[in-house]
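Read the numbers this way: they start at 1 and go in the same order the structure lists the ligands and their atoms. In this text the structure is predicted, and so the values were computed from the model without any measurement. Reckoned from all heavy atoms, side chains included, excluding hydrogens, waters and symmetry mates.
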Amino acid sequence: MKFVGLDVGGTFIKSALVINGRVKKFQVIPSLASKGPEYSINQIIRAIDVLVKDTQGIGIGIAGITDARAGVVKTSPNLKGWDDIPLAATLKQRFKKPVKIINDVDAICLGEWYYGRARGYRNVFLFTVGTGVGGAVICEGKLVLGANGFAGELGHTVINFNGPKCSCGNHGCLERYVGARYIIRYARRLLKKHPSRLSQYKKLTPAIIAREAKNGDSVAKDVFTRVGFYLGVGITNIIALFDPELIIISGGISRAGKVLFDPIRKTVRQKLLGEQYRNYRIVASALGDYAGIMGAALLFNKRICPD
Ligand SMILES: [Zn+2]
């Protein structure tokens with residue numbers, strides 16, 4: 001079986017052929033999101049055009065709130081002007097092939113469930129931590145979409161109602177503490193008071209901070225202790241809610257290793273009710289950039305997605 005899989009984000013469109021679960025011809029092009037939906041849809045068409053020959057269908061994970069059954073993107077914080085866009089119908093007409101769409105984090109979760117870290121598990125929560133913080137739930141062996149397709153959106157759950165203002169207008173959201181730009185902002189604040197190798201870098205990224213933390217830089221380590229603490233609080237809430245056996249963290253910072261995972265696990269141990277009676281693991285994702293593409297191709301697998 002041969003499908004086109006796409007992972008459409010606010011910055012890049014990643015795409016590839018997925019042939020019997022193997023990724024071929026992986027490519028990345030800009031999504032041109034700031035120019036509006038017409039431009040991004042043209043980029044999506046460009047990405048599909050070079051791959052689509054002899055395939056059985058096109059699966060797309062997209063950074064927005066999607067009505068997967070209708071194939072419509074309802075709205076998106078990352079793709080400007082995407083309100084009620086019938087993406088599946090548009091592409092179906094153009095390519096004369098079946099097209100299925102789903103939220104990008106749900107696609108990543110499907111990929112990790114079928115091919116990656118979550119193989120064989122029935123209760124899983126997956127976090128994506130990048131510019132934004134997203135989530136997806138597999139509960140009792142089924143991906144949970146929710147009544148409106150919004151399930152798992154935990155980036156804007158409040159973990160400190162006296163906390164700083166978030167981009168969504170609320171105060172103290174999880175994303176306000178662990179989103180990439182806030183991690184960088186916090187690192188810069190520490191740099192004003194303490195010497196650190198981080199001050200050599202003109203442009204800081206979470207990946208650079210993670211690397212210096214691994215090298216023993218104390219400011220970088222402090223940053224990840226704090227990020228790990230807040231992620232730990234968010235994960236404690238999720239475990240209390242769903243009791244998953246596996247929590248996966250995906251996105252750039254998931255590669256930080258011990259400097260991130262030690263404070264996460266410590267926080268969960270301290271805060272979770274009945275911790276000693278539970279079986280659960282908190283791990284990094286396995287498939288990286290391929291997860292969303294592989295998950296999008298799985299939308300055609302009847303065993304995983306019966307509708
Ligand atoms: Zn928020």
Side-chain angles (χ1 to χ4, degrees), residues 7-11 31 33-34 61-67 73-84 102-109 125-137 144-190 204-207 209 223-242 244 247-254 256 260 263-264 267-268 271-272 282 285 292:
D7 183 351
V8 180
T11 315
S31 41
S34 62
I62 184 160
I65 290 165
T66 59
D67 182 339
V73 179
K74 306 296 281 180
T75 184
S76 171
N78 307 102
L79 299 160
K80 204 178 86 181
W82 281 67
D83 298 307
D84 275 318
I102 197 167
N103 168 268
D104 59 341
V105 183
D106 288 331
I108 290 169
C109 192
F125 196 93
L126 177 132
F127 280 87
T128 53
V129 187
T131 309
V133 177
V137 196
V144 179
L145 296 175
N148 305 288
F150 293 26
E153 290 289 343
L154 84 166
H156 298 281
T157 52
V158 174
I159 56 169
N160 177 7
F161 61 81
N162 288 318
K165 196 163 183 183
C166 177
S167 59
C168 73
N170 236 322
H171 285 260
C173 297
L174 179 59
E175 184 172 304
R176 181 61 186 76
Y177 294 97
V178 305
R181 78 188 104 153
Y182 302 111
I183 296 177
I184 293 162
R185 196 186 290 178
Y186 181 67
R188 290 209 182 286
R189 220 165 71 206
L190 290 183
L204 276 183
T205 63
I209 303 169
V223 171
F224 272 89
T225 302
R226 180 178 136 116
V227 171
F229 170 78
Y230 284 110
L231 270 176
V233 172
I235 289 171
T236 302
N237 290 340
I238 287 299
I239 298 178
L241 197 56
F242 292 107
I247 298 96
I248 302 178
I249 299 176
S250 92
I253 71 163
S254 66
L260 176 68
I264 290 177
T267 306
V268 176
K271 294 189 181 298
L272 179 62
I282 303 169
S285 64

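Near the Zn ion (ligand 1), less than 2.8 Å away, sit the protein N, O or S atoms His156 ND1, Cys166 SG, Cys168 SG, Cys173 SG.
Between the side chains of Asn103 and Thr66, no donor N or O sits under 3.5 Å from an acceptor N or O. Residues Asn160 and Tyr230 have side chains that never bring a donor and an acceptor to within less than 3.5 angstrom of each other.
In this structure, the separation between CG on Asp83 and OG on Ser76 is 9.0 Å, given to the nearest 0.5 Å. To the nearest 0.5 Å, atoms OG1 (Thr236) and CD1 (Ile264) are separated by 10.0 Å.
Considering only residues two or more places apart in sequence or on other chains, Asn170 meets the side-chain hydrogen bond (donor to acceptor under 3.5 Å, both in side chains) condition with none of them.
Relative to the six-membered ring of Tyr177, Arg226 misses at least one condition, a distance below 6.0 Å or an angle of at most 45° to the axis.
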